[in-house]
Amino acid sequence: MGGSRTDNDDLLEKFKNLDFMKMDRRTFIKAVGVLGASLFLQTYKNDLAKALEFSETKVVWLHGVMDSGCTISMLDGGSPDIIEFLQEYNLKLLYHEVLMMQQGIFVDGKLANTSDLNSEIVLDDILEKEKGYVLVSEGAISNGPEGSGKYLMLGGRTYKEIYAKAAKNALAIVAIGNCATNGGVNSAKSDIVELMDPRGVAFTMEDASKGILDLLGIEKPVINLTGCPTHPDWVFLTIGAVVLGKIKIPDDLPYVLDHWKRPKVFFPPDHVIHDNCSRRGYYDRGEFELTVGGPKCLWKLGCKGPYTHADCATRNWNGHLNYCPQAGSPCIGCVQPGFPDSTRPFFVEFEKTGIVGTNITTIAGVAIGGALLAAGAHAVRRTAMKRPEDEGGLAEESTPEEIEEETGGEK
């Protein structure tokens, strides 16, 4: 017992001994990244309570076109859970359709026209009186048919109308889940998508010109937390950082967010899930699963980990215990803008679509070393998977010269 300390151990100890109250933004973000959400909150629990003793931030949480999967994900958050989150950050949740007690117009068969019982009256009061709250936006905003928004009605009004009122009085909008950030599955290619016309807050799929705010002529700071669903840590930590002023809105947003308005600390432009995948060793040796259930690399089963920017492999899900590839499911790239169209087909090896005319199985057949095979395949993939997000120079992609260097000249 008693192995030598690592650099990471020393870094953890350093952060634990810092004064949270005097921590600058850069150090804060670095501490969150190294410690992880739960350990960060545990380490600075007393400081957080002290910092928030006299402050209160109001939150309005609206649901559009979605399945409430992100709310369920938040409810599954373990450390902290959503109650601890609200208490630790001294948040006042003004409205949340799933969690609130108010039920609707009729209670026990009688008309309930009081705010104690009727959620519509509560929402009307909030939209009339409240300002400066954080608007948590879950779900897409229906704009169809023909710009009317009538494909999602709440109490006789369109959700589009309600959303416009809520957005105008918000301090900032935190869009959670791919439905809210990019339209999600609602905006995927289908026979009815143009008729339904579901919109994301600032993007629809990968199109920044079709966000609902742009359509409504509303300018508000937006932070996008993609994922289907999004991770509880990403939501809790982001809202916490905003509440504590560790991310100053709007001044800090150009520096802490990527092209898709996502926090870089959770969606690093220069790292992908594959970098820290627990199955990475099999990939490097060229050992791949062809059916589900085995321990080897899931790339041939369509894993999108090599081009999905998120910290899933280090943060982990389900109480920080595991993540999709570790549990045996190929990554389907659910955090990627444009999901699901941008990462389909699922469960199909991407290189089999004929990119650069190379069949990786054939290459394996001529017994190129496993590591070289992996490096070559990785380079091919990085070239083939260049995405619109990369056109702005935010993500790192290989030039042909770099690919040749990486593969040792293999084509």
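Salt bridge annotation for D197-K160: absent, with no cationic side-chain nitrogen under 4.0 angstrom from a carboxylate oxygen. Remark: E349 engages K300 in a salt bridge, criterion side-chain N to carboxylate O under 4.0 Å. Salt-bridge formation is not detected for the pair K248/D252: no Lys NZ or Arg NE/NH1/NH2 atom is positioned less than 4.0 Å from an Asp or Glu carboxylate oxygen.
Counting only distance, with no hydrogens or angles, the side chain of N143 and the backbone of I212 share no donor-acceptor pair below 3.5 Å. T158 places a side-chain N or O within 3.5 Å of a backbone atom of E161 that can act as its donor or acceptor partner. A donor-acceptor pair is defined here as one N or O able to donate and one able to accept, closer than 3.5 Å; such a pair exists between the side chain of T226 and the backbone of V335. With D233 contributing its side chain and R315 its backbone, the two residues share no donor-acceptor pair below 3.5 Å. Here the side chain of T181 pairs no donor or acceptor atom with the backbone of A175 at under 3.5 angstrom. A donor-acceptor pair under 3.5 Å links the side-chain atoms of T238 to the main chain of W234, judged by distance alone. Between the side chain of N178 and the main chain of G227, a donor-acceptor pair closer than 3.5 Å is present. When atom types are taken as modelled, the side chain of R262 and the backbone of N224 share no donor-acceptor pair closer than 3.5 angstrom. Of the possible donor and acceptor atoms, one in the side chain of H231 sits under 3.5 Å from a partner among the backbone N and O of N316. For Q336 (side chain) and T308 (main-chain N/O), no donor-acceptor pair under 3.5 Å exists by modelled atom type.
Inter-residue side-chain proximity for D207 and M205 is flagged as unmet; no heavy-atom pair is nearer than 4.5 Å. Within the 4.5 Å cutoff, the side chain of K264 has no heavy atoms near those of the L257 side chain. With contacts defined as side-chain heavy-atom distances shorter than 4.5 Å, the pair I141/V201 qualifies. A heavy-atom distance below 4.5 Å is found between the side chains of I82 and F236. W61 places none of its side-chain heavy atoms less than 4.5 Å from the side chain of C70. Using a 4.5 Å cut-off on side-chain heavy atoms (C-beta onward), L253 and I247 make contact. Inter-residue side-chain proximity for Y89 and V242 is flagged as unmet; no heavy-atom pair is nearer than 4.5 Å. With a 4.5 Å cut-off on side-chain heavy atoms, I173 and P221 do not count as touching.
Pairing each heavy atom of H309 with each of F267, the nearest pair is O-CD2, 3.5 Å. Contact detail for G302 and P330: the closest heavy-atom pair is C-CB, 4.1 Å. Summarising the geometry of S119 relative to Y95, their closest heavy-atom pair is O-CE1, 3.6 Å, with the distance given to 0.1 Å. Residues A166 and L62 approach most closely at CB-CD1, 3.6 Å, considering heavy atoms. Minimum interatomic distance between Y133 and K165 (heavy atoms only, all atoms of both residues): OH-O, 4.1 Å. Closest of all the heavy-atom pairs between G177 and T230 is N-CB, 3.9 Å.
Put simply, the residue from V136, L99, V235, V98 that forms a side chain to side chain contact (heavy atoms under 4.5 Å, CB included) with M74 is V235. Applying the side chain to side chain contact (heavy atoms under 4.5 Å, CB included) test between L94 and each of L123, V122, D125, I126 identifies I126 as the sole match.
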Item to complete: Test N186 against M196 for side chain to side chain contact (heavy atoms under 4.5 Å, CB included), laying out the working first.
Response: CA-CA 8 Å; N186 314 284; M196 301 288 285; over 6 Å; no
Fill in: side chain to side chain contact (heavy atoms under 4.5 Å, CB included) between Y159 and H63, intermediate numbers included
CA-CA 9 Å; Y159 179 67; H63 296 73; 5.6 Å; no
Fill in: Worked verdict on M66 versus V185 for side chain to side chain contact (heavy atoms under 4.5 Å, CB included)
CA-CA 9 Å; M66 43 87 225; V185 295; over 6 Å; no
Discussion item. Test side chain to side chain contact (heavy atoms under 4.5 Å, CB included) on F347 and V292; report intermediate values, then the result.
Written reply: CA-CA 10 Å; F347 313 117; V292 296; over 6 Å; no
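No side-chain donor-acceptor contact under 3.5 Å links H271 and N276. Defined by atom type and a distance below 3.5 Å, a donor-acceptor pair is present between the side-chain atoms of E138 and T71. For the residue pair D76 and W317, no side-chain donor N or O sits within less than 3.5 Å of a side-chain acceptor on the partner.
Taken to the nearest 0.5 Å, the CG atom of L93 stands 12.5 Å off from the NZ atom of K58. Atom OG1 of T57 is separated from atom NZ of K92 by 12.0 Å, given to the nearest 0.5 angstrom. Remark: I332 CD1 to C228 SG distance equals 7.0 Å, nearest 0.5 Å. Summarising the geometry, atom NZ belonging to K150 is positioned 13.5 Å from atom CG belonging to L152; distances are rounded to the nearest 0.5 Å. We find the CD-CG distance between E219 and L213 to be 9.5 Å, quoted to the nearest 0.5 Å. Between the CG atom in L86 and the NE2 atom in H96 there is a gap of 9.0 Å [rounded to 0.5 Å].
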For residues 321-329, run the donor-acceptor check on the side chains, cut-off 3.5 Å, and write out each pair with its distance to 0.1 Å, sequence neighbours left out.
unit_1	atom_1	unit_2	atom_2	d
N322	OD1	N318	ND2	3.0
Y323	OH	S278	N	2.8
Y323	OH	S278	OG	3.4

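Partners of F346 by ring pair (Phe, Tyr, Trp, His ring centres under 6.0 Å), not counting sequence neighbours, listed by chain and number: F339. Residues satisfying the salt bridge (Lys or Arg N to Asp or Glu O under 4.0 Å) criterion with D81, sequence neighbours excluded, are absent altogether.
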